[in-house]
Amino acid sequence: MNRFEVDEHFAFLLDRHDPLAGFRRRFFIPRGTVYLDGNSLGLASQDAVHAINRIIAEWKELGIRGWLSGRPPWFYLAEQVGAMAAELVGARAEEVVATGTTTINIHSLVSTFYTRKCSRTKILADELTFPTDIYALRGQIEMQGRDPATHLILARSEDGKTLDEARIVELMNEDVSLALLPSVLYRSGQLLDIEFLTREAHKRGIVIGFDCAHSAGAIAHKLSEWEVDFGIWCSYKYLNAGPGSPAFLYLNEKHFSLEPALKGWFGYQKDKQFDLEIDFEHAQSAGGWQISTPGIFGLAAVHGALGVHLEAGIEAIRRKSSMLTSYFIFLVDNLLATPPYSFQIGSPREAEKRGGHVALERDAEALRIGEALKSRGFVGDFRPPSTIRIAPAALYCSYHDVWRTVQCLKEIIDEKSYLAFDEQRHPVS
Ligand SMILES: *Cc1c(COP(=O)(O)O)cnc(C)c1O
């Protein structure tokens, strides 16, 4: 356990010894803000912006020739960016491709594995996962003419915040064909034991995939070594690639010969794609699961943004991220736990069981306190009913940012300034 101190000098001391401190200068931090929402939309970096500008210049200068003469050539960019991301998640280069969006990639991979031919007919997920995953799984079950009410098994949470891996395993019975679970829960920040769940699923003949939207770019993974069957994640959270930029899919190499269910010409074998044969032959790599022409502007942003991550190193990012969240928890415990503050920590206390954010909870007034925080330039987000998520991203947040956040929360309660805010939620919170 790290030993922290509550005074401001200690925050400065931590910043002075932070090996990643220099990366902050590469990011555009909105003026007057302490940005704590990197788990929802990461910030723009000079690197991402340069990469987009370069594509704009290439489009002007090269037109269609950009597909092969761009630097790098646009035609191979999705695979190239996939190989970069593979390093961050512990996969082989050809097991990851940048394509589609998170939800589309769930549909694409689940429909590949979960078909009418499966003798097992059920899918296992959990009740705390991000809703889009549930919507997509229900849709997949319906497409096979089955009833989601009986065919989607949801692992329940005892405390409404965390999941017990052993209870998930109890649900892995011989009716289950496929399991899709989150790596990190979007509300509490709990990091599930991916290796253990994968091993247990495989013992029972179940294909298992993980939604890594809340872990990619924040923690190190070993997807190949753990033999995870498939994974998906977006690029715009911790990976800082911009709103709606292309997402990723990971497919273990042992599945490359499966037939993609959502076929499209960008999944064709690369060297023969422009032969334009009408019989589909997919690339024997994750690239075979691409569908359409990639959005090169977005992909360029992903390319630029990933470079920053690779330069910093995912192990160093994880180390700092754990320190930042542990420091935040320490300060809340010491300064904000008792009345009138009465904040609680809704995330696991062991740093190795947490992703990159902390769920700060309060029985009353969490929504308005979150609004008051934002009005003072501290940008976190609110998740109903009573959680303020605080995500100090390692590449651009400092220890002093964390210290100031806790001081600000204290002032908001001391001055009761949250009372001035509306109890209405905005359409994006
Ligand atoms: C953010 C997030 C998504 C987002 O899905 P999109 O298709 O990119 O809109 C999906 N799953 C999880 C767990 C997320 O956190």
Side-chain angles (χ1 to χ4, degrees), residues 36-43 78 81 85 89 96-111 123-140 152 154-155 157 161-163 168 178-192 194 197 208-219 221 223 228 230-250 262 289-292 294-295 298-299 301-302 305 321 347 354-359 380-384 387 389-391 393 427-429:
L36 303 162
D37 216 1
N39 60 333
S40 207
L41 181 68
L43 290 181
V81 168
V89 296
V96 179
V97 69
T99 189
T101 64
T102 315
T103 310
I104 297 264
N105 293 345
I106 295 174
H107 280 294
S108 169
L109 291 169
V110 170
S111 59
I123 292 182
L124 174 62
D126 69 276
E127 65 171 349
L128 298 183
T129 199
F130 194 70
T132 200
D133 297 43
I134 303 283
Y135 306 154
L137 293 175
R138 288 203 181 117
Q140 287 295 323
L152 182 62
L154 293 181
S157 163
K161 297 171 195 172
T162 55
L163 296 168
I168 298 176
L178 173 146
L180 176 64
L181 297 166
S183 52
V184 168
L185 295 179
Y186 77 101
R187 229 185 292 233
S188 69
Q190 180 192 9
L191 167 61
L192 293 180
I194 299 173
L197 289 163
I208 186 163
F210 285 87
D211 183 331
C212 299
H214 274 280
S215 61
I219 69 169
H221 310 63
L223 296 182
V228 172
F230 70 97
I232 68 271
W233 59 94
C234 60
S235 63
Y236 52 78
K237 292 175 177 162
Y238 291 106
L239 293 174
N240 307 318
S245 286
F248 290 95
L249 68 78
Y250 151 87
L262 304 188
W289 274 256
Q290 292 173 91
I291 301 170
S292 292
L299 202 49
V302 187
S321 159
S347 302
R354 270 199 319 268
H357 73 271
V358 178
D381 62 20
F382 174 78
R383 289 292 174 266
T387 299
R389 296 190 308 176
I390 300 289
V428 175
S429 65

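Small disclaimer: the values here were computed from a predicted structure and weren't measured. Atoms within a ligand are numbered from 1 in the order they appear, just like the ligands themselves.
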Undergrad: Please list the nearest protein heavy atom to atom 6 (P) of ligand 1 with its residue and the distance rounded to 0.1 Å.
TA: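 Residue, atom and distance for the closest contact: Tyr236 OH, 3.5 Å.
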Undergrad: Side chains of Ser215 and His221: any donor to acceptor distance under 3.5 Å?
TA: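 Yes, because at least one side-chain N or O of His221 sits under 3.5 Å from a partner of the opposite role on Ser215.
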Undergrad: Does any non-hydrogen side-chain atom of Arg383 lie less than 4.5 Å from one of Ser40?
TA: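 Yes, their side chains come closer than 4.5 Å.
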Undergrad: Atoms of ligand 1 less than 4.0 Å from Ala213 heavy atoms?
TA: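 What qualifies from ligand 1 is 2 (C), 12 (C), 13 (C), 14 (C), 15 (O).
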Undergrad: Which of the numbered atoms in ligand 1 are under 4.0 angstrom from any heavy atom belonging to Thr102?
TA: 5 (O), 6 (P), 7 (O), 8 (O), 10 (C)
Undergrad: Taking the side chain as everything from C-beta on, heavy atoms only, tell me whether Asn39 gets closer than 4.5 Å to Val184.
TA: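 Not in contact.
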Undergrad: Taking 4.0 angstrom as the limit and counting only heavy atoms of His214, give me the atoms of ligand 1 inside it, by number and element.
TA: 15 (O)
Undergrad: For the pair Arg389 (side chain) and Gly189 (backbone), establish whether a donor and an acceptor sit closer than 3.5 Å, ignoring hydrogens and angles.
TA: no
Undergrad: Provide the number and element of each atom of ligand 1 under 4.0 Å from a heavy atom of Lys237.
TA: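 By the 4.0 Å cutoff, the relevant atoms are 1 (C), 2 (C), 3 (C), 14 (C), 15 (O).
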Undergrad: Taking C-beta and beyond as the side chain, do Phe130 and His214 meet within less than 4.5 Å on heavy atoms?
TA: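 No; the side chains remain at least 4.5 Å from each other.
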Undergrad: Identify the closest protein heavy atom to atom 11 (N) of ligand 1: which residue and atom is it, and at what distance?
TA: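 Nearest protein contact, heavy atoms only, for atom 11 (N) of ligand 1 is Asp211 OD2, 2.8 Å.
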Undergrad: When you compare the side chain of Leu178 with that of Phe230, does any pair of heavy atoms fall below 4.5 Å?
TA: yes
Undergrad: So which protein heavy atom does atom 7 (O) of ligand 1 come closest to, and at what separation?
TA: Thr103 OG1, 2.6 Å
Undergrad: Compute the minimum heavy-atom distance from Trp233 to ligand 1 and say whether it is under 4.0 Å.
TA: no
Undergrad: Does only the side chain of Asp133 get under 4.0 Å from ligand 1, or the backbone, or both, or neither? Count heavy atoms.
TA: side chain
Undergrad: Side chains of Phe210 and Trp233, heavy atoms from C-beta outward: is any pair under 4.5 Å?
TA: no
Undergrad: Nearest non-hydrogen atom to atom 10 (C) of ligand 1 belongs to which of Leu181, Thr132, Val184, Ile232?
TA: Thr132
